[in-house]
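Data block below; observations after.
In listed order, ligands and their atoms are each counted from 1.
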Amino acid sequence: MTTSLDLHQDKALRASAPTSTSGLTDRFGRVHHDLRVSVTDRCSLRCSYCMPETGVGWLSSDTVLTATEFVRLVGIACTLGIQRVRLTGGEPLMRPDLVDIVDGISHLPQPPALALTTNGIGLASRAAGLARVGLNRINVSLDSIDPDVYRRITRRDRLDQVLAGLSAAKAAGLWPIKLNAVLQRGVNDEEASTLLDFAVQYGFELRFIEQMPLDGGHAWDQQTMVRESEILARLSSSHQLTPVAERGHSPARRWLVDGGPATVGVIAAVSQPFCAGCDRVRLTADGQLRNCLFSLREHDLRTAMREGASDDDLAKLFIQCVAAKGPGHSIGQVGFRQPARPMSAIGG
Ligand code: SAM
Ligand code: SF4
């Protein structure tokens with residue numbers, strides 16, 4: 001169904017369409033430079049906004065790509081203009097061969113800037129090894145520094161391990177470190193300023209992410225989600241925030257904290273969609289290419305690859321997937337449907 005907002009977004013996108021083209025340019029002129037790669041759907045936590053507590057339907061292991069397969073697909077994407085790759089999950093540290101994936105990608109002929117998004121469990125023992133084989137940057141998800149609240153959100157008692165992981169990542173030179181936090185009303189929304197104080201104290205760059213309808217339990221509620229405006233109001237009660245002008249393709253809008261140099265960001269995907277500037281494409285752990293977090297359609301790279309497709313054939317599938325990208329998500333509009341895959345099986 002086409003809505004008035006779709007048409008509005010279409011117009012805005014065409015007006016802002018860049019004149020340059022690349023291998024991965026969609027019909028609105030958005031050139032894609034960023035690939036998110038989910039290396040597993042398994043996880044060591046059960047964050048309530050992401051996964052159900054029990055009854056998770058896992059991908060069958062024979063469908064999950066090998067390290068060699070991931071490296072091959074990332075290499076093809078890099079020949080098509082991808083410049084930044086982020087490994088994510090599920091929890092990427094659940095893969096014992098993560099170091100092989102990082103090593104392979106960082107030794108490609110056109111290596112991308114390589115980042116990792118992790119919950120930090122197990123990071124303490126692996127940060128140095130990952131940095132050594134070429135990992136450049138890291139984002140660690142941390143929704144609370146109160147052990148009880150952390151346990152309530154993640155359904156696991158592991159805050160100490162995350163804090164140890166942060167120290168190890170810093171010592172390994174994975175710096176600066178970004179922290180991701182999702183606020184939930186009545187759970188950790190009152191902790192916004194405390195999280196910011198913690199981040200400023202240790203030099204981490206904190207970014208709040210608005211909760212999106214990608215939870216395994218399908219319990220997301222637009223009326224109760226904590227919006228950017230509310231996050232800023234909470235932070236402003238204890239800190240002076242000054243907008244930072246430049247944004248580029250970053251999904252986060254940023255503010256200087258108390259005059260800087262510390263900054264805080266908000267990724268307001270629901271209340272302030274940034275689809276017009278989106279330059280991302282996503283590869284799932286089972287080799288499905290998605291042109292949007294909220295896409296209902298996927299391009300099957302795994303089957304093509306395992307049936308003997310050449311690099312050129314696979315490149316064509318990347319190009320077709322990006323070409324089929326819509327103007328933006330339609331959260332909150334009539335006809336919006338939450339994708340069947342939860343965030344943990346897409347990769348955030
Ligand atoms: N397990 C890793 C982690 O938590 O960082 C990587 C995967 S996780 C899916 C990536 C990011 O997505 C995390 O920062 C998490 O907080 C965020 N996320 C998960 N579900 C979300 C949702 N429903 N809305 C917004 N962000 C979500
Ligand atoms: Fe696991 Fe990350 Fe989802 Fe939490 S947000 S359940 S750590 S995949």
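- Under the side chain to side chain donor-acceptor pair (under 3.5 Å) criterion, D286 pairs with T284, R341, sequence neighbours left out.
- Residue, atom and distance of the protein heavy atom nearest to atom 21 (C) of ligand 1 are Y49 CD1, 3.6 Å.
- In terms of polar-atom proximity, C50 is not counted as a contact of ligand 1, lacking any N or O under 3.5 Å from an N or O of the ligand.
- Criterion: ILVMFWY side-chain heavy atoms under 4.5 Å apart, direct or through other members. Under it, I346 and L59 are not part of a common hydrophobic cluster.
- Remark: ligand 1 atoms within the under-4.0 Å shell around heavy atoms of I209 are 14 (O), 25 (C), 26 (N).
- Taking a cut-off of under 4.0 Å to the non-hydrogen atoms of M51, the atoms of ligand 2 that pass are 6 (S).
- Counting protein heavy atoms only, atom 2 (C) of ligand 1 is closest to E91 OE1, 3.4 Å.
- The closest protein non-hydrogen atom to atom 9 (C) of ligand 1 is M343 CG, 3.4 Å.
- For atom 2 (Fe) of ligand 2, the nearest protein heavy atom (residue, atom name, distance) is C43 SG, 4.4 Å.
- Ion pairing between D311 and R72 holds under the 4.0 Å rule for side-chain N and carboxylate O.
- Using a 4.0 angstrom heavy-atom cutoff, S141 does not count as in contact with ligand 2.
- No donor-acceptor pair under 3.5 Å is formed between the side chain of S295 and the backbone N or O of N291.
- Taking every non-hydrogen atom of N119 and a distance limit under 4.0 Å, the qualifying atoms of ligand 1 come out as 2 (C), 3 (C), 5 (O).
- Looking at Q211 next to ligand 1, no N or O pair under 3.5 Å apart turns up.
- If you look at N180 next to ligand 1, the close heavy atoms, those under 4.0 Å, all belong to the side chain.
- Grouping the Ile, Leu, Val, Met, Phe, Trp and Tyr side chains by contacts below 4.5 angstrom, directly or via other members, places M212 apart from L296.
- Remark: ligand 1 atoms within the under-4.0 Å shell around heavy atoms of M212 are 22 (C), 23 (N), 24 (N), 25 (C).
- For atom 6 (C) of ligand 1, the nearest non-hydrogen atom of the protein is G90 O, 3.3 Å.
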For the pair R234 and D189, evaluate salt bridge (charged side-chain N to carboxylate O under 4.0 Å, His left out) and give the outcome as yes or no after the intermediate values.
CA-CA 9 Å; R234 285 193 177 278; D189 53 339; 3.4 Å; yes

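- A salt bridge is defined here as a Lys NZ or Arg NE, NH1 or NH2 lying under 4.0 Å from an Asp or Glu carboxylate O, and D279 with R30 fails to meet this definition.
- Remark: E298 engages R290 in a salt bridge, criterion side-chain N to carboxylate O under 4.0 Å.
- The V182 neighbourhood of ligand 1 comprises atoms 16 (O), 26 (N), with distances under 4.0 Å to a heavy atom of that residue.
- If you check which protein heavy atom lies closest to atom 3 (Fe) of ligand 2, you get C50 SG, 2.5 Å.
- At least one side-chain heavy atom of L65 sits less than 4.5 Å from a side-chain heavy atom of R306.
- Atoms of ligand 1 found under 4.0 Å from any heavy atom of T88 (numbered from 1 in listed order, with element): 6 (C), 7 (C).
- Of the protein's non-hydrogen atoms, the one nearest atom 4 (Fe) of ligand 2 is C47 SG, 2.3 Å.
- The protein heavy atom nearest to atom 5 (O) of ligand 1 is S141 OG, 2.5 Å.
- At a threshold of 4.0 Å, the pair D160-R158 does not count as salt-bridged, since none of the basic side-chain nitrogens sits closer than that to a carboxylate oxygen.
- Ion pairing of R302 with E69 is absent here, as no side-chain N (NZ or NE/NH1/NH2) approaches a carboxylate O to less than 4.0 Å.
- In summary, the atoms of ligand 1 found under 4.0 Å from a heavy atom of T118, numbered by their order in the structure, are 2 (C), 3 (C), 5 (O).
- Panel note: side chain D26, backbone G29; a donor-acceptor pair is recorded below 3.5 Å.
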